[in-house]
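Data first, discussion second: the structure below is written as structure tokens.
Keep in mind that the numbers below use all heavy atoms, side chains included, and drop hydrogens, waters and symmetry copies.
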Amino acid sequence: MLQILHNPRCGKSRDCLAFVTESNTPFEIINYLDNPLNADELKTLLKKLNLKPIEIVRQKEPIWIEKYKGKKMTNAAIIKAIVKYPILMQRPIVINGDTAIIGREIDKLDNFLK
């Protein structure tokens, strides 16, 4: 079953949810702001995405700009920042078994669901 890491206040996340709903694909919604991922879960997710921690950071987010922008950070430090401030993580993220994508683009999401 698909899992969608969802932020209901995000338009792209709502668009993704609507698209998946229309596709009649069974899914589970995970509001990652209310139920944040821990470091191990985030590392597993990064493997499924095949991305580095910095690649899932919302670098225009005020918390990132205020606390981290311009600093040299290890992957572990970036993961720690995302765990502490889950709002920093790109959304929505759609997980299907051992693979995942950032589902901001409907075309990419459509291909992922096929």
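Note that the CG atom of L49 and the CG atom of L42 stand 9.0 Å from one another [nearest 0.5 Å]. Interatomic distance, CZ of F19 versus CD1 of I4, reported as 11.0 Å (0.5 Å rounding). Here CG of L17 is found 11.0 Å from SG of C10. Values are rounded to the nearest 0.5 Å. Atom CG of L37 sits about 7.5 Å away from atom CD1 of I30, to the nearest 0.5 Å. With rounding to the nearest 0.5 angstrom, the OG1 atom of T44 is 8.5 Å from the CG atom of N38.
Taking every heavy atom of both residues into account, P53 and V57 meet most closely at O-CG2, 3.5 Å.
Other residues, nucleotides and ligands place more than 12 heavy atoms under 6.0 Å from the CG atom of N111.
Residues that satisfy the side-chain hydrogen bond (donor to acceptor under 3.5 Å, both in side chains) test with N31, not counting sequence neighbours, are D34. Taking the side-chain contact (heavy atoms from CB on, under 4.5 Å) definition, one finds that A77 meets it with M73, T74, sequence neighbours left out. E28 is linked by a side-chain hydrogen bond (donor to acceptor under 3.5 Å, both in side chains) to Q3, counting only residues two or more places apart in sequence or in another chain. Residues passing the side-chain hydrogen bond (donor to acceptor under 3.5 Å, both in side chains) test with T25 are S23, sequence neighbours excluded.
Residues L46 and I102 share a hydrophobic cluster, clusters being chains of Ile/Leu/Val/Met/Phe/Trp/Tyr side chains in contact below 4.5 Å. At a threshold of 4.5 Å between side-chain heavy atoms, the hydrophobic network of Ile, Leu, Val, Met, Phe, Trp and Tyr places I54 and L51 in one connected group.
Residue pairs that meet the side chain to side chain donor-acceptor pair (under 3.5 Å) test with at least one member in residues 8-19, sequence neighbours left out, are H6-S13. For the side chain to side chain donor-acceptor pair (under 3.5 Å) condition, the pairs that include at least one residue of residues 55-64, sequence neighbours left out, are R58-E61. Pairs passing the salt bridge (Lys or Arg N to Asp or Glu O under 4.0 Å) check and including a residue from residues 102-114, sequence neighbours excluded, read D110-K114.
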Can you give the donor-acceptor pairs under 3.5 Å from side chains of residues 78-97 to other protein atoms, not counting sequence neighbours?
none

Where do L45 and L5 land on the side chain to side chain contact (heavy atoms under 4.5 Å, CB included) test, with the steps shown first? CA-CA 11 Å; L45 177 61; L5 299 178; 3.6 Å; yes
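Contact check for F27 versus T21: side-chain heavy atoms found under the 4.5 Å cut-off.
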